[in-house]
Amino acid sequence: MASAPTFGMLPDILPPNKPNRALIQTPDQKDAQLMRGGPMGAAATPFSGGTPAKTQIGPTILIPGEEAGRIVVWTDMGRERSRRVRWPRLQTNRRNWNAFHMIQDWSAKIDGQSRIFLPDLPIAIHQAAAVIENQLVNFQNWFAIENPGGLSVFDPDTLRKLVSHILDRLWRPGDEHETAYGFPSFLADSIILGLIEGEVCWKVFGVDSERIAYMLESVTDADQKGANAGGTESLGMDAEFSDESRPPARTYERKSQQIQKAFLRTFRLGMDLVPFEDSYPDTSPLNQFHIHEVTRHISELRDNPDYDPAVVQGLSNYISAMEADRDKAIRSGIPVGKLLGDDPNQCRVREFWGNVVDPSSGKYRYRNCFLTTVNGKLLRPPTPNPRWDQCRPLLRTSLLHAPLSPVAKAMVDHARDIAEAENETASLMIDGGIASVWGTRQARPDLLADPTSISRGIPPSFTAVLKRGAPLNAKFLERVDEGTTTPQYGMDMLQRLGAARERGMATPSFPNTTSPRQAPATEAVFANEQSGNLYENLASRLERNLIVPGLQLIWLTIWQGLDDFSSAELVEILGPERALFLQQLTTEERFYLFANNVKFDVKGLRNLLTRMNDFRKLSTLTQMVTANPMLQMAFAQKYDPSRLIEKAVRAVNVDPTEIEWRASEEQARAQLLTMLQTPQGQQKQASPYAQPGMTPGVGESAVEGEMPPPNPFGDQGGMPGAQV
């Protein structure tokens, strides 16, 4: 049983001379910066690339006007080079998003022709995303923390629970509940984006948000009367209702208490899913920079003290972003004519991460810096990377492998054109079916008593009234075509296109049948294996290239900004002593402890299969050992059975800390151990029919006064020695 570490053990792993701060403080002792209206200004202000907002003091590097203009020009040149290389991919993404939203160009159609969009491709995208997501995070412990190093008092399970707690509370703008957006939902959106655009880009940052602490305070009668006098109506509970439909009068106890709220600063992890049109990485193998271009509200710029106030003040009320708005409208399924950029106070901000190179000399002007530009002006001067790990907060990868190509390709690229042709064929088949029923007809309105009755078409069950003097057996409506049916080759072509689309999305295809239920078992297994191998490869690529480095970046971001360990959830995860210990440390000391001693591993479905194989092996070993006393002795002399049990528990994906004995259950644990250590011979109870204190022997009856059997065991009848 793992015992909680004592507080005296914890400081030995830290450098000396660390400050001592109390975990729990009274409201009077709270730092004023934790309350609303402190130096932060507004609440929930994002870090500038992961740096705590509490340390923002404005620009500290002064750049001359000419130098600032050259920096903006250099960064714009890098952005333009990236845009030229990635522009063809952007056009393809727009068509993919239209197909995802069931939008197709029907400009060649005329009135009366069908415009049918089959839902097969959008549903296939959702199915593929669900398969990949299930292989990654649809497990209880979908990631593990390895190699805790010198942090022996912080076991990997506790650290994993801490990261899971933060991942389940991703920050989003607005006053939403803290658990409204979690990492599984974020990953599902990322996979859909990767299937359509071919590339997934994450931005990891920290946010100084606020959490509410509720306090119950007493209110004097004078305060309560004053509150009522200010316009609050009080219901008289002594009044009785004469109407029988009203409820009977009840007497309520008046309590002179009210709820007070304190807004405490706390850390929240933020993760942005960067779309393709907002990401401009260096397309050369050097990977010198990565520009994140995003639409911001001018109020956000005004509230950030790191930005140059003169540049913010000089911004116009509206900065055109037509191309970006068009891409966002297409991605959102909104018609392009109705753009999203109607707010006159929005602008496009470019965040530059990387190295600034003078194009005239090829020399580095700034290495690993961070700067921001807006409307051709330097909003934030080049500053050193504010992240303590000196890494960029942007991570990107592709789902499908495109070697030696600066731009990836998407899985939807293979199926989009086929799906559009499938929609055209289906529309033509419907038009052919309608034509086979109605045919081509000619009408003679002059034979009708009211020629205007067919001016808007002939509805079903129409009764024609001919005019007087019409010829006998005259027909005002006559079919002139041959009445052909829909051709069979159209059905064959539609089926072939459907099979090609399924191959493009790696959906299990059964070419020899019209339904998966009619497919032979061997064919179904083969088709599922072909599809599953590709999706397992995609999931493995996401694990290695995005999720594992993303978790490592998240881990470093957490310990650069997390400084509030007084919440009930964190105290429950860490334990009171360890939470108190971490609260007393500085942020630098916590980062020093955890930055270099942790390694993440994500295995998803492969981890599940590995655990199943491990459990099968452990079960075989246990059965072999328990069946032979000699093997039991040899096993006990060399191996620890408790470690074998713990490995078996982990193999079935059960957290050992959840089933360990608690301190309050020590008595029950001692009783169980005593019972298990008692020899089996002493645990047998005498028959209830025997005399008190006596146990029947061999050949004796368990009932008092009953005679033993006439023949000993092994004899039959009166013939001694006869075996049964």
Side-chain angles (χ1 to χ4, degrees), residues 31 33-34 38-58 159 162-176 178-183 186 201-211 263-274 290 292 294 296 300 303-307 349 351 353 368 370 372 380 383-395 547 549-567 569-570 573-574 582-583 585-596 598 600:
D31 190 352
Q33 295 183 7
L34 299 182
M40 285 178 52
T45 301
F47 294 177
S48 299
T51 57
K54 61 188 178 184
T55 60
Q56 293 178 346
I57 56 176
L159 299 180
L162 174 64
V163 177
S164 299
H165 169 77
I166 295 177
L167 289 178
D168 291 338
R169 291 161 171 80
L170 295 180
W171 176 83
R172 299 186 73 180
D175 298 325
E176 295 186 358
E178 62 177 7
T179 57
Y181 193 54
F183 184 78
F186 177 78
C201 184
W202 290 354
K203 184 179 181 182
V204 181
F205 55 94
V207 174
D208 263 344
S209 182
E210 290 180 346
R211 65 180 180 90
F263 298 88
L264 308 180
R265 189 188 64 208
T266 187
F267 171 83
R268 292 282 298 278
L269 180 69
M271 296 186 69
D272 280 347
L273 184 58
V274 182
H290 196 155
H292 178 208
V294 62
R296 298 291 186 195
E300 299 181 53
D303 292 338
N304 195 330
D306 285 349
Y307 291 158
V349 177
E351 295 183 356
W353 297 84
N368 196 11
F370 171 49
T372 307
R380 182 204 308 267
T383 57
N385 192 330
R387 296 183 58 90
W388 291 351
D389 52 30
Q390 294 300 294
C391 298
R392 300 175 189 172
L394 295 164
L395 293 171
I547 299 182
L551 288 174
Q552 195 70 34
L553 195 63
I554 288 170
W555 176 259
L556 298 173
T557 305
I558 289 174
W559 293 110
Q560 183 174 346
L562 182 60
D563 57 358
D564 178 19
F565 297 91
S566 60
S567 63
E569 295 85 357
L570 290 181
I573 293 173
L574 298 171
L582 292 176
Q583 186 72 21
L585 304 179
T586 63
T587 307
E588 292 79 5
E589 289 172 340
R590 287 189 290 264
F591 188 86
Y592 162 78
L593 275 179
F594 295 100
N596 301 320
V598 169
F600 286 88

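Counting begins at 1 with the first residue of the sequence.
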List the steps, then state whether side-chain contact (heavy atoms from CB on, under 4.5 Å) holds for V274 with V294. CA-CA 9 Å; V274 182; V294 62; over 6 Å; no

Does T557 form a side-chain contact (heavy atoms from CB on, under 4.5 Å) with R387? I'd like the steps, not just the answer. CA-CA 8 Å; T557 305; R387 296 183 58 90; 2.8 Å; yes

Run the side-chain contact (heavy atoms from CB on, under 4.5 Å) check on D564 and L570 step by step: do they pass? CA-CA 9 Å; D564 178 19; L570 290 181; 6.0 Å; no

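Looking at E300 and V349, their side chains never come closer than 4.5 Å, going by heavy atoms from C-beta outward. When side chains are defined from C-beta on, L159 counts as touching W555, because their heavy atoms get closer than 4.5 Å. With a 4.5 Å cut-off on side-chain heavy atoms, L273 and F186 count as touching.
Of all non-hydrogen atoms in P386 and F370, the two that sit nearest each other are CD-CB, 4.0 Å. Closest of all the heavy-atom pairs between R380 and T383 is CD-OG1, 4.2 Å.
To the nearest 0.5 Å, atoms CG (L553) and CZ (F600) are separated by 10.5 Å. Atoms CZ and NE2, on R392 and H290 in that order, are 8.5 Å from each other to the nearest 0.5 Å. To the nearest 0.5 Å, atom CD1 of residue I547 and atom CZ of residue F183 are 5.5 Å apart. I558 CD1 to I166 CD1: the interatomic distance, rounded to the nearest 0.5 Å, is 3.5 Å. Note that OG of S567 and CD1 of I573 are 8.0 Å apart. Values are rounded to the nearest 0.5 Å. Note that CD of E178 is 11.5 Å distant from CG of L170, once rounded to the nearest 0.5 Å.
With hydrogens and angles disregarded, a donor-acceptor distance shorter than 3.5 Å links the side chain of Q390 to the backbone of N385. Between the side chain of T266 and the backbone N or O of S209, no donor-acceptor pair lies under 3.5 Å. At least one donor-acceptor pair closer than 3.5 Å links the side chain of R268 to the backbone N or O of R169. In this structure, the side chain of R590 engages the main chain of L582 through a donor-acceptor pair within 3.5 Å.
For W388 and F594, the distance between ring centers is not under 6.0 angstrom.
Under the 30°/60° scheme for interplanar angles, the aromatic rings of W559 and F565 are found to lie parallel. Relative ring orientation between F205 and W171 is described as perpendicular, the plane-to-plane angle rising above 60° on a 0-90° scale split at 30° and 60°.
Between R265 and D563 a salt bridge is recorded (basic side-chain N to carboxylate O distance below 4.0 Å).
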